[in-house]
Number of protein chains: 2
Amino acid sequence: MSVTRFPPPVNESAQMSKTLSTTLLKGLGVLSAFEGAPVLTLSQIADRTGLDRSTARRLTLTLVEAGWARQQGRAFSLAPRVLRPAGAFLQAGSFGRAVQPTLNAHAEALGGEISLALRDDTVAVYVAHSARPGARVSLGLTVGSTLPLDTTAIGQVLQGSDQPAQVIRGAYEAGVCGLAVPVGAPHAPLAALGTTLPLALPDLDTRLETALAALQMAAADLRDVPGLASAA
Amino acid sequence: MSVTRFPPPVNESAQMSKTLSTTLLKGLGVLSAFEGAPVLTLSQIADRTGLDRSTARRLTLTLVEAGWARQQGRAFSLAPRVLRPAGAFLQAGSFGRAVQPTLNAHAEALGGEISLALRDDTVAVYVAHSARPGARVSLGLTVGSTLPLDTTAIGQVLQGSDQPAQVIRGAYEAGVCGLAVPVGAPHAPLAALGTTLPLALPDLDTRLETALAALQMAAADLRDVPGLASAA
DNA sequence: CAACAAATGTGCGTATATCGCACAAATCCA
DNA sequence: TGGATTTGTGCGATATACGCACATTTGTTG
């Protein structure tokens with residue numbers, strides 16, 4: 001049935017500016033088709049991208065040749081190669097050297113996990129997680145995971161909500177509430193820091209207070225990280 | 001299809017096979033140019049990719065238009081968009097839901113950090129880290145960071161070294177030794193698990209023993225993770 | 001500050017890479 | 001087994017991408 005088409009507009013009709021490469025656009029569309037379905041056949045790729053099967057085939061085989069995708073029979077999937085641009089991006093933002101240690105330090109103080117997300121168009125993209133061994137792994141979020149902007153605390157903060165912080169109770173994931181603060185100016189945040197707390201906690205309000213304070217301290221620390229400003 | 005074609009699909013060294021898209025290949029080249037230099041001008045991109053400046057411009061602007069790159073004046077850099085294919089890849093391999101908790105658990109038992117890497121062509125690519133707060137962040141490695149195959153323990157294991165494990169003392173990073181084991185068959189590993197220990201430890205040999213045991217237990221656990229086999 | 005050098009932005013004619021049809025093979029179902 | 005669906009591929013027409021050449025901006029040096 002109708003699955004959301006992926007390269008929404010590889011604009012056929014609209015005047016493609018003379019300076020843009022339609023072929024590259026389509027190729028990126030093929031790459032994007034794997035967001036939401038880990039393994040695809042050529043026909044499925046053609047469907048999702050709206051490309052002719054023949055075109056989808058040529059572009060997909062090109063991705064395989066370049067090492068960005070894998071082919072196993074008729075099944076295509078992404079290759080580890082796609083991690084490298086991500087690594088380059090993270091390197092540029094000092095995420096490994098500066099951001100991660102900061103998150104870890106504050107997560108320990110907070111007694112919970114902290115996540116950092118950037119906005120990408122219409123979604124929030126996870127960039128880093130503090131790592132507390134034994135922490136509940138709710139949704140299995142990883143670097144590059146996306147979340148909706150509207151129904152998550154971290155998403156609302158990224159939209160530039162006027163509030164200095166956002167608390168959403170059970171909207172995205174049942175049984176927990178999300179708490180998030182902006183990094184940088186609240187109306188035009190560079191990024192957002194978030195954490196979650198079980199709704200069942202007896203002293204929830206108190207915990208929210210302390211978590212909020214911890215997040216805001218972390219946000220203050222992150223503002224000075226070189227590269228983060230340009231990454232966001 | 002059954003008709004044997006005369007020019008066997010020999011890899012075209014000089015001539016581009018008719019089924020490959022040269023434009024997409026060039027566009028991916030532009031993306032790759034940012035691995036190793038976070039911010040580039042159009043001329044630098046043209047230099048690094050070997051493309052005509054005009055072509056580099058068109059392709060780069062296309063990446064910007066598609067949201068994969070950012071432009072600030074004459075400076076171009078990657079956008080958070082590049083994290084999303086990485087996220088899709090990690091999702092497919094169950095890295096968030098299954099691999100990460102496994103690493104965390106064993107890292108706690110080990111008392112050190114554990115990293116998981118996959119091979120991508122001529123390099124090792126970091127895919128996941130256990131997260132121990134307070135752990136020394138030596139090189140600021142992130143998801144997507146690359147390491148050479150030859151001079152690292154994890155790289156040698158990925159090359160299918162005959163040894164069940166590899167220990168490299170101070171080759172890649174001074175003052176520490178790297179220890180790695182394969183996930184899956186040693187001669188054709190799916191992935192590699194690694195850790196590092198300071199060379200200065202008084203009881204280094206003992207620590208290596210216990211670390212090795214921990215890594216091998218972790219490797220055993222990972223072998224059954226669904227999706228990992230196809231990801232590697 | 002002027003004059004030069006280097007880097008950058010852009011238009012355009014041409015070659016050709018890309019498109020997508022149409023047909024052939026293979027695969028799947030009942 | 002037969003037909004229906006999915007998949008693989010050759011080929012001509014045409015839109016696409018190329019890269020030169022020129023115009024413009026930036027920066028360097030005497």
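Everything quoted here is computed from the prediction, not taken from an experiment. Reminder, nothing fancy here: chain letters follow the sequence lines and each chain counts from 1. Keep in mind that the numbers below use all heavy atoms, side chains included, and drop hydrogens, waters and symmetry copies.
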Review point. So, is A/Arg53 near the phosphate of D/dG8, with a side-chain N or O under 4.0 Å from OP1 or OP2?
Key: no
Which atom pairs, one a donor and one an acceptor, fall under 3.5 Å between side chains of residues 67-76 of chain B and the rest of the protein, sequence neighbours left out?
{"unit_1": "B/Arg70", "atom_1": "NH1", "unit_2": "A/Ala231", "atom_2": "O", "d": "3.3"}
{"unit_1": "B/Arg70", "atom_1": "NH1", "unit_2": "A/Ala232", "atom_2": "O", "d": "3.1"}
{"unit_1": "B/Gln71", "atom_1": "NE2", "unit_2": "B/Gly73", "atom_2": "O", "d": "3.0"}

Check your understanding: What integer distance in Å separates A/Asp47:CG from D/dT6:C1'?
Key -> 11 Å
Practice item. Examine distances only and state if a side-chain atom of A/Gln100 and a backbone atom of A/Phe95 form a donor-acceptor pair shorter than 3.5 Å. Key: no
Practice item. Look at all strands and tell whether B/Arg74 reaches a base, only sugar-phosphate, or nothing, counting heavy atoms closer than 4.0 Å. Key: sugar-phosphate
**Study point:** B/Thr22 side-chain proximity, nearest of C/dA17, C/dG9, D/dG19
**Key:** C/dA17
**Study point:** Listed nucleotide nearest any side-chain atom of A/Ser43, set D/dC18, C/dT18, D/dT7
**Key:** D/dT7
Review point. Do B/Thr62 side-chain atoms and A/Ser21 backbone N/O form a donor-acceptor pair below 3.5 Å?
Key: yes
Study note, to complete from the structure: A/Leu61 atom CG is separated from D/dT9 atom P, nearest whole Å, by 9 Å
Review point. Is the phosphate of D/dT16, meaning OP1 or OP2, less than 4.0 Å from a side-chain N or O of A/Ser21?
Key: no
**Study point:** A/Ala56 backbone acceptor or donor facing A/Thr60 side chain under 3.5 Å
**Key:** yes
Review point. Between D/dT9 and A/Ser54, is there an OP1 or OP2 to side-chain N/O distance shorter than 4.0 Å?
Key: no
Practice item. Counting heavy atoms from C-beta on, name the nucleotide in D/dG8, D/dA17, C/dA17 closest to the side chain of A/Arg57. Key: D/dG8
Review point. Which listed nucleotide (D/dC20, D/dG8, D/dT7) is nearest to the side chain of A/Thr41?
Key: D/dT7
Check your understanding: Could you state the CG-P distance from B/Leu42 to D/dT25, rounded to the nearest angstrom?
Key -> 17 Å
Review point. Do NZ/NE/NH1/NH2 and the carboxylate oxygens of A/Arg81 and B/Asp121 come within less than 4.0 Å?
Key: no
Revision key, fill the gap. In whole angstroms, the gap separating P of D/dA17 from CG of B/Leu25 amounts to 14 Å
Revision key, fill the gap. In whole angstroms, the gap separating P of C/dG20 from CG of A/Leu59 amounts to 11 Å
Exercise for review: For B/Thr23, report the nucleic acid contact type (base, sugar-phosphate, nothing); a contact means any heavy atom under 4.0 Å.
Suggested key: sugar-phosphate
Practice item. Measure from CZ on A/Arg58 to P on D/dT16 and round the result to the nearest Å. Key: 13 Å
Check your understanding: How close or far is atom C1' of C/dG9 from atom CG of A/Leu20, stated in whole angstroms?
Key -> 15 Å
Check your understanding: To the nearest angstrom, how far is B/Asp52 atom CG from C/dG11 atom C1'?
Key -> 14 Å
Practice item. Compare side-chain N and O positions of A/Lys26 against OP1 and OP2 of C/dC19 and report whether any pair is under 4.0 Å apart. Key: yes
